Amino acid sequence: MIDLSMLNPEQLQPTLDTEGVVVVSAGAGSGKTRLLTYRICHLIEDQKVDPSNILAITFTNKATREMKDRIASMLPNQADKVWISTFHSMCVRILRENISHIEGYNRFFTIYDTQDKDKIITRILKSHENMDESIKKKVLYHMASLKNEGMSIEEYQRLNCADKDIEDVMTIIREYTQQLHLCNALDFDDLLTKTLELFKTCPDVLAYYQEKFRYIHVDEFQDTNTVQYTLTKMLCDKYGNLFVVGDEDQSIYGWRGANIENIRNILKDFPHVKVYKLEQNYRSTKTIIETANKLIKNNTARIDKTLWTDNEQGDKITYYSASDESDEAEYVARIIANKIREGYDYSDFAILSRVSALTMQFEQKLLTYNLPYIVYGNTKFFDRVEIKNTLGYLRVIANIADNESLARIINFPRRGIGSTSIEQLLNLSSRYQVSMWEILTHPDVYDIKNALKHKIQPFVDLVTDLQQKLDTMDLVDFVSYVVKVARIKEEYAEDTEENLNRKLNIDALLENINSFAHNNENATIYDYLESVTLESSIEQDDPDDHNKVIVSTVHAVKGLEFKVVFIVGCEDGLFPISRALDSEEEMEEERRLMYVALTRAEKKCYLVRAKSRFLYGKRQNTMESKFIREMGLSQPQVQRVRDFQWENFATQTTTATDTLGKFKINQQEKKNFQEFQIGTMVSHIKFGIGTIISIERLGDTSYAKIDFVGLGVKTLALNIAPLKIVK
DNA sequence: CTCGAGCTCTTTTCT
DNA sequence: AGAGCTCGAG
């Protein structure tokens, strides 16, 4: 029996209500994930439902992992059999099994990312001399919305015939579709629409999954788009057991086609639907909930719902207006350092920002203060050209029809095949509707000039060799082999800092693959490529990552919670983002985003802004975020200064004994400071041995510039950095 | 075909 | 500011 005593009556009812369509409108922190996990465990353990008959769809990979872990901790042997995944990975799994029913596709299809998509469209646009590249935006927009809505090209064109460019736009979309078809490739949106197409054209396949998924759960339902909702409806058509959880106030994916209307649609589409409401918050203090409510009330387009809590009133929300971005980061890092001394864990803190570009400042300061951290949603690594190119080899081996990747690696490392030749090859490919590989391997058939032919041959031999070696090696060995025989590092032989970096990145990639293989037994290149494309960040399940400060965008921490949350960059134009300033609709989404950010906090929330910020290569004065005003946190200048001091000395003003304890520590440290002088040799846990080259006093803290062997100069705060003097 | 100088554009967010 | 891209010279 599953012990359901952890659930309150509000949560218990929908947990036990296992049959039919159930909608739960669950406010932030109302125990939605707990409800979902208990319900699934209850189905398996008490209702004796076979775990392989249960589907649970979450919105991000992080949420997937979280739910898997939770279920595994309750039912260790059963969790693996439940399908827990995002819509996208569910569709990939279904398509890998069944896509051969769609003419021209096979199970080794490649998933094209946004960059691939962009490149293809640009190329197609260029091939049409009469078309202006300025319609590219329109193409992307229309293509996204037609796919999000799950419409056919014809249907969409009929509905949008008013647009004067629609003919051209549709021509490009058609050619793009044809191109992907030729390459046995699907883009992100295709994963959903092709699954829909498959279900529509192959009743057998649909019937199989309808039979399989007797109990379907969808988390974050407010963020589903039309195709996702259609897929869900089709899947539950046989057994009719659908359980969705959502919160309108947390809908933050409008830009991806999310349709809040789906919550209302479900009430229309299923007449016997049962609706539950969870309004009690178990996560946050009264202060945080009151502030969040105050903020979200400014949105007009919402069903009125008021979150409440029995938790303590808690600390006031602190608003700090820093002088610039360095001060902003300094402020945050200091507070964390102080609280760590009070006994907090690193993982109790999250630094949240609207845009990922802001994280660097914080990384630097956290490093200075020796606070371990992890950055979420950091896609940059896989965007590097050396990484893309190396992975290009894997993609070509995985799917030889993948023109995009083939074009990427045919001259990497350099083989004297320039862009003109590549263009030519791609043109032939689309003219004859054969893959580029087909042309490369039959140069005479396609009239390839001798000079080019001779350059192509070694490349063809290389790829052929790799194809043959694939089956004889495991993932890790194979990739090392690729790097070796393709002579990838030789491309970066010249001894420059940039080249050194690129080589280090390739090593990091090998390391990443190694740890992937470690975490996923018998992983193939297909598995690895899939995880790389579908997951935006690098985190593998590294046990070292568990106790670290989180630095993240707000989007990426949806569904997570932290004791202390810092929301940084609270400025008009940044949060809310500038794009939203002249659109009420987008402004409401920004407000929901701020609401999500606030409600991540359990105990304490800090809102921070920089009065002056360096952005777009310029230093600019900023305006306080309008949300600060809406939350009633604007303060006169003097008040802010006092607040800051209070934070800094918080550790000394709490209780008498505490003060004494901290005071002692400070005295101790002060004494030590004098031993640090210019020229002193020191050792640091992370950076190793270094020499102090300067010491600067700023307020109550001394900062030393230290030249670390092999690492260069770093600035560290002497009272905090773990430094030892080397004799 | 390759390289370098000069130009542009950047920053939404995740799959 | 810094990366990525375009264009012209070798």
Side-chain angles (χ1 to χ4, degrees), chain A residues 57-64 85-92 111-119 122 126 133 144 147-148 186-193 195 220 223-225 227-228 250-258 325 352-360 376-380 382-385 388 410-411 413-424 451-452 455 491 494 498 501 530-537 552-559 569 571 573-581 583 586 589-590 592-594 596-597 613-620:
Chain A
I57 294 175
T58 57
F59 206 68
T60 61
N61 294 299
K62 214 160 281 133
T64 301
S85 67
T86 61
F87 269 108
H88 288 85
S89 49
M90 173 187 82
C91 289
V92 171
I111 304 166
Y112 277 174
D113 62 23
T114 325
Q115 218 180 86
D116 298 318
K117 171 165 48 177
D118 213 78
K119 277 171 99 173
T122 311
K126 271 191 187 143
E133 218 173 304
K147 288 182 182 182
N148 285 333
L186 301 176
D187 65 24
F188 281 129
D189 296 333
D190 290 337
L191 295 175
L192 306 174
T193 56
T195 306
E220 308 283 8
D223 284 327
T224 53
N225 65 25
V227 192
Q228 291 167 335
Q250 294 187 69
S251 165
I252 55 176
Y253 283 91
W255 51 275
R256 227 176 85 181
E325 67 276 4
L352 306 182
S353 113
R354 175 63 180 85
V355 296
S356 56
L358 237 58
T359 60
M360 228 168 55
Y376 276 1
N378 193 1
T379 65
K380 293 249 165 59
F382 287 101
D383 284 342
R384 290 172 201 277
V385 77
K388 285 239 157 202
I410 193 168
N411 199 32
R414 253 164 273 212
R415 300 181 178 90
I417 304 169
S419 53
T420 327
S421 306
I422 296 176
E423 208 68 14
Q424 209 178 80
L452 183 55
K455 288 176 187 163
E491 176 71 11
E494 198 196 330
E498 195 191 8
N501 252 327
E530 200 168 296
S531 103
V532 165
T533 338
L534 248 34
E535 298 212 20
S536 59
S537 47
S552 173
T553 60
V554 182
H555 282 91
V557 291
K558 190 163 180 201
E571 296 141 35
L574 201 55
F575 199 171
I577 199 105
S578 51
R579 280 196 51 155
L581 295 177
S583 149
E586 287 185 58
E589 181 149 318
E590 293 294 304
R592 290 193 292 268
L593 194 58
M594 180 58 90
V596 169
R613 186 180 293 281
F614 199 80
L615 211 63
Y616 301 106
K618 268 185 291 188
R619 178 156 295 286
Q620 280 176 319

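Labels below follow one simple rule: chain letters A, B, ... track the order of the sequence lines, proteins then strands, and each chain is numbered from 1. Small disclaimer: the values here were computed from a predicted structure and weren't measured.
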Please identify each residue that fulfils side chain to side chain contact (heavy atoms under 4.5 Å, CB included) with [X], with sequence neighbours left out.
{"X": "K388(A)", "value": "D113(A), Q115(A), D383(A), R408(A)"}
{"X": "E586(A)", "value": "R579(A), A580(A), S583(A)"}
{"X": "T64(A)", "value": "T58(A), K68(A), I84(A), T86(A)"}

Please give, in whole Å, the distance from [N] [atom2] to [X] [atom1]?
{"X": "Q115(A)", "N": "dC14(B)", "atom1": "CD", "atom2": "C1'", "result": "16 Å"}
{"X": "D383(A)", "N": "dC14(B)", "atom1": "CG", "atom2": "P", "result": "12 Å"}
{"X": "Q424(A)", "N": "dC1(B)", "atom1": "CD", "atom2": "C1'", "result": "13 Å"}
{"X": "F614(A)", "N": "dT10(B)", "atom1": "CZ", "atom2": "C1'", "result": "13 Å"}
{"X": "D189(A)", "N": "dC14(B)", "atom1": "CG", "atom2": "P", "result": "16 Å"}
{"X": "L352(A)", "N": "dC14(B)", "atom1": "CG", "atom2": "P", "result": "12 Å"}
{"X": "K618(A)", "N": "dT10(B)", "atom1": "NZ", "atom2": "C1'", "result": "12 Å"}
{"X": "N148(A)", "N": "dT15(B)", "atom1": "CG", "atom2": "P", "result": "15 Å"}

*Qualifying residues under ring pair (Phe, Tyr, Trp, His ring centres under 6.0 Å), relative to Y253(A), sequence neighbours excluded*: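 Y253(A) satisfies ring pair (Phe, Tyr, Trp, His ring centres under 6.0 Å) with F59(A), W255(A), H555(A) only.
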*Please determine if R256(A) and D223(A) form a salt bridge, counting it only when a charged side-chain N lies under 4.0 Å from a carboxylate O.*
no
With sequence neighbours left out, what residues match [X] under salt bridge (Lys or Arg N to Asp or Glu O under 4.0 Å)?
{"X": "E220(A)", "answer": "K32(A), K558(A)"}
{"X": "D189(A)", "answer": "none"}
{"X": "R619(A)", "answer": "E325(A)"}

_First encountered from the 5' end of DNA chain B, between G416(A) and S89(A)_ =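 Of the two residues, G416(A) wins.
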*Should N411(A) be listed as having a side-chain N or O under 4.0 Å from OP1 or OP2 of dT2(B)?*
yes
*asked:* With a 4.0 Å cutoff (strictly under), does any side-chain N or O of N61(A) reach OP1 or OP2 of dT15(B)?
replied: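 Checking dT15(B) against N61(A), a side-chain N or O does come within under 4.0 Å of OP1 or OP2.
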*Tell me, please, the opening and closing nucleotides of DNA chain C, 5' to 3', among those with an atom under 4.0 angstrom from a non-hydrogen atom of chain A.*
dA1(C) to dT6(C)
Restricting both atoms to N or O, compile the protein contacts to nucleotides 11-13 of chain B shorter than 3.5 Å, with distance only.
residue: dT12(B); atom: O2; partner: R354(A); partner atom: NH1; Å: 2.9
residue: dT12(B); atom: O2; partner: R354(A); partner atom: NH2; Å: 2.0
residue: dT12(B); atom: O4; partner: R579(A); partner atom: NE; Å: 3.3
residue: dT12(B); atom: O4; partner: R579(A); partner atom: NH1; Å: 3.3
residue: dT13(B); atom: OP1; partner: S356(A); partner atom: N; Å: 2.6
residue: dT13(B); atom: OP1; partner: S356(A); partner atom: OG; Å: 2.8
residue: dT13(B); atom: O2; partner: W255(A); partner atom: NE1; Å: 3.1
residue: dT13(B); atom: O2; partner: R354(A); partner atom: NH2; Å: 3.3

*Using a 4.0 Å heavy-atom cut-off across all strands, classify S421(A) as base, sugar-phosphate, or nothing.*
sugar-phosphate
*Would you indicate whether the side-chain heavy atoms of I111(A) and L534(A) approach each other to under 4.5 Å?*
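Touching, per the 4.5 Å side-chain cut-off.
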